[in-house]
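Remarks on the structure that follows.
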Amino acid sequence: MAISRRTFLVRGAEIGLGVAAVGLVGARLLDRDDDTPTFYDEDAFPAPGNPRVAVVKATSYDAGLETIVREGLLAVGADVAGKTVLLKPNLVEYDAGTVINTDPRLVRAAVVAMRDLGASAVTVGEGPGHRRDTEYVVRTSGLLDAISDVDAPFTDLNTAGMIRQKLDSSYTPLGEIWMPQPVADADVVVSMPKMKTHHWAGATLSMKNCFGCVPGRVYGWPKNVLHWAGIEPSILDVAAAVRPELQIIDGIVAMEGDGPIKGTPRDMGVLVFGTDPVATDATAARLMGFDPERLGYLREAGTFLGQVHLEEIEQVGEDPEALAQDFEVLPVFDGLKVGASPSSGGVNGQA
């Protein structure tokens, strides 16, 4: 389905007019109390339960990775038998000297694991936020070769056919979202982010990775419309629209510092698996040294989209507390760390 230039400009103008309101929403969602109205349809989201998250040691992108991924998925009760699966890696840009993308070897291993678990079809899809030439990023990053080895197709979510979908949350003034048909049609969407710090949101994990599920031909590069609407409110609305059923976070080599592009590699040696994007991200955030309930968008997501409280999450595999590292972050995010005092920094009302 094509979108006309006029429709895009009108929508952009509407969003531009709503930016001031978004600022208020962003502040309120991070400092809410019992009198704060909800920004989501309560009937559209089940109450957060006690999901299972698996932290699994993985020190290499080569030896036995398919087995590790399969066992991690089984540990969280992933059910893909007879279902169509869309793997959504984080493919931002290509720079041989960085670790900004989900490693192609992990994506390849996930294709194999999904088939082993009975998936009827497995596709890899992404809508890169920086390069307009998706084919260039897929090819130079090594992803094309990796998935070609296992005969998995790739679909460009920036240019795929799309449908209009009403939002069940209203943290931004978008009201609706253009969803690529491959995302809408998949029985199971798997968010596969790289574990990274983020210079605006603190951390980018499976929820933020959903930005690549919306088409650049509508939302611009680097998904400008979402940035204009506010990063954290957009994370909430987009993740609530996509609702990835499974998450596989690439923390074998993560990124710290000035992420998500200019950071430095951090050897973590783990993969994180889950069926609840909030719980999975909360666990990964703790592995990075963050208090997940101090990350504004993650705390708010815990009110409707999933479970953010670590004590309510069934942790299997490795103990995230034992493996947690103190990731280097920009000074403004110091207040989001475990044990940090309120005066040590912070963002988005968290100082």
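For clarity, every value in this text was computed on a predicted model and none was experimentally measured. Every heavy atom of this structure was used, including side-chain atoms; hydrogens, water molecules and symmetry mates were not.
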Least distance between heavy atoms, [X] atom then [Y] atom:
X	Y	result
G216	W221	O-CZ3, 3.3 Å
T280	G274	OG1-CA, 3.2 Å
V238	F211	CG1-N, 4.2 Å
T275	Q247	N-OE1, 3.3 Å
M179	C213	SD-O, 4.1 Å
G127	N158	C-ND2, 3.3 Å

For the [atom1] atom of [X] and the [atom2] atom of [Y], what is their distance to the nearest 0.5 Å?
X	Y	atom1	atom2	answer
Q315	R52	CD	CZ	11.5 Å
M268	L287	CE	CG	4.5 Å
D187	K83	CG	NZ	7.0 Å
R108	S148	CZ	OG	11.0 Å
Y219	W178	OH	CH2	8.0 Å
T59	L65	OG1	CG	10.0 Å

Not counting sequence neighbours, which residues clear side-chain hydrogen bond (donor to acceptor under 3.5 Å, both in side chains) with [X]? List them please.
X	value
K337	D326
D62	R105
D237	S169, T172
K88	E126, N209

Between [X] and [Y], is there a shared hydrophobic cluster once you connect ILVMFWY residues whose side-chain heavy atoms come closer than 4.5 Å?
X	Y	value
V242	L86	yes
V183	L246	no
V189	L143	no
V270	V338	no
V308	L310	yes

Tell me, please, which residues at least two apart from [X] pass side chain to side chain contact (heavy atoms under 4.5 Å, CB included).
X	value
A58	I68, I252, L271
P182	T155, L157, A160, P180
D319	E321, A322

Main-chain N/O of [Y] paired to [X] side chain as donor or acceptor, under 3.5 Å:
X	Y	value
D276	Q307	yes
R294	G335	yes
S234	I231	no
Q325	F327	no
E232	Y297	yes
Q165	I177	no

Between [Y] and [X], do the side chains contain a donor N or O and an acceptor N or O under 3.5 Å apart?
X	Y	result
N50	E312	yes
K208	N90	no
D250	T102	no

Problem set entry | Partner residues of H227 under the ring-ring contact (aromatic ring centres under 6.0 Å, His included) criterion, sequence neighbours left out |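 Per chain and number, H227 pairs via ring-ring contact (aromatic ring centres under 6.0 Å, His included) with W200.
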For this session: Identify, with sequence neighbours excluded, every residue that meets ring-ring contact (aromatic ring centres under 6.0 Å, His included) alongside Y94.
Result: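 With neighbours one apart ignored, the set is empty.
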Going by heavy atoms in the side chains, are [X] and [Y] under 4.5 Å from each other?
X	Y	result
L226	L174	yes
D281	M207	yes
P244	C210	yes
L87	T123	no
T67	E71	yes
T197	F333	no
F273	V69	yes
V92	N101	yes

Exercise. Would V190 and V85 count as a side chain to side chain contact (heavy atoms under 4.5 Å, CB included) if you check the C-alpha gap in whole Å, the side-chain angles of each, and the deciding distance to 0.1 Å?
Worked result: CA-CA 7 Å; V190 186; V85 175; 3.7 Å; yes
For this session: May I ask you to say whether E176 pairs ionically with R164, meaning some side-chain N is under 4.0 Å from a carboxylate O?
Result: yes
Exercise. When you look at V122 and R115, which way does the side chain to side chain contact (heavy atoms under 4.5 Å, CB included) test go after all the steps?
Worked result: CA-CA 7 Å; V122 183; R115 289 173 178 165; 4.0 Å; yes
Exercise. Is there any side-chain hydrogen bond (donor to acceptor under 3.5 Å, both in side chains) pair reaching into residues 136-147, and which pairs are they, with sequence neighbours excluded?
Worked result: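 Listed once each, the pairs are E135-R139.
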Exercise. Step by step, would you call Y40 with D168 a side chain to side chain contact (heavy atoms under 4.5 Å, CB included)?
Worked result: CA-CA 6 Å; Y40 54 88; D168 291 320; over 6 Å; no
Problem set entry | Within the 6.0 Å centroid threshold, strictly below: F304 and Y171 | yes
Please table the atom pairs, donor to acceptor, closer than 3.5 Å between any side-chain atom in residues 253-262 and protein atoms at least two apart or in another chain.
unit_1 : atom_1 : unit_2 : atom_2 : d
E256   : OE1    : R266   : NH1    : 2.7
E256   : OE1    : E328   : N      : 2.9

Exercise. Stepwise, does the side chain to side chain contact (heavy atoms under 4.5 Å, CB included) test hold for E318 with K57?
Worked result: CA-CA 7 Å; E318 303 295 330; K57 285 186 177 180; 3.7 Å; yes
For this session: Just jot down the salt bridge (Lys or Arg N to Asp or Glu O under 4.0 Å) partners of E93, sequence neighbours excluded, or say none.
Result: R131
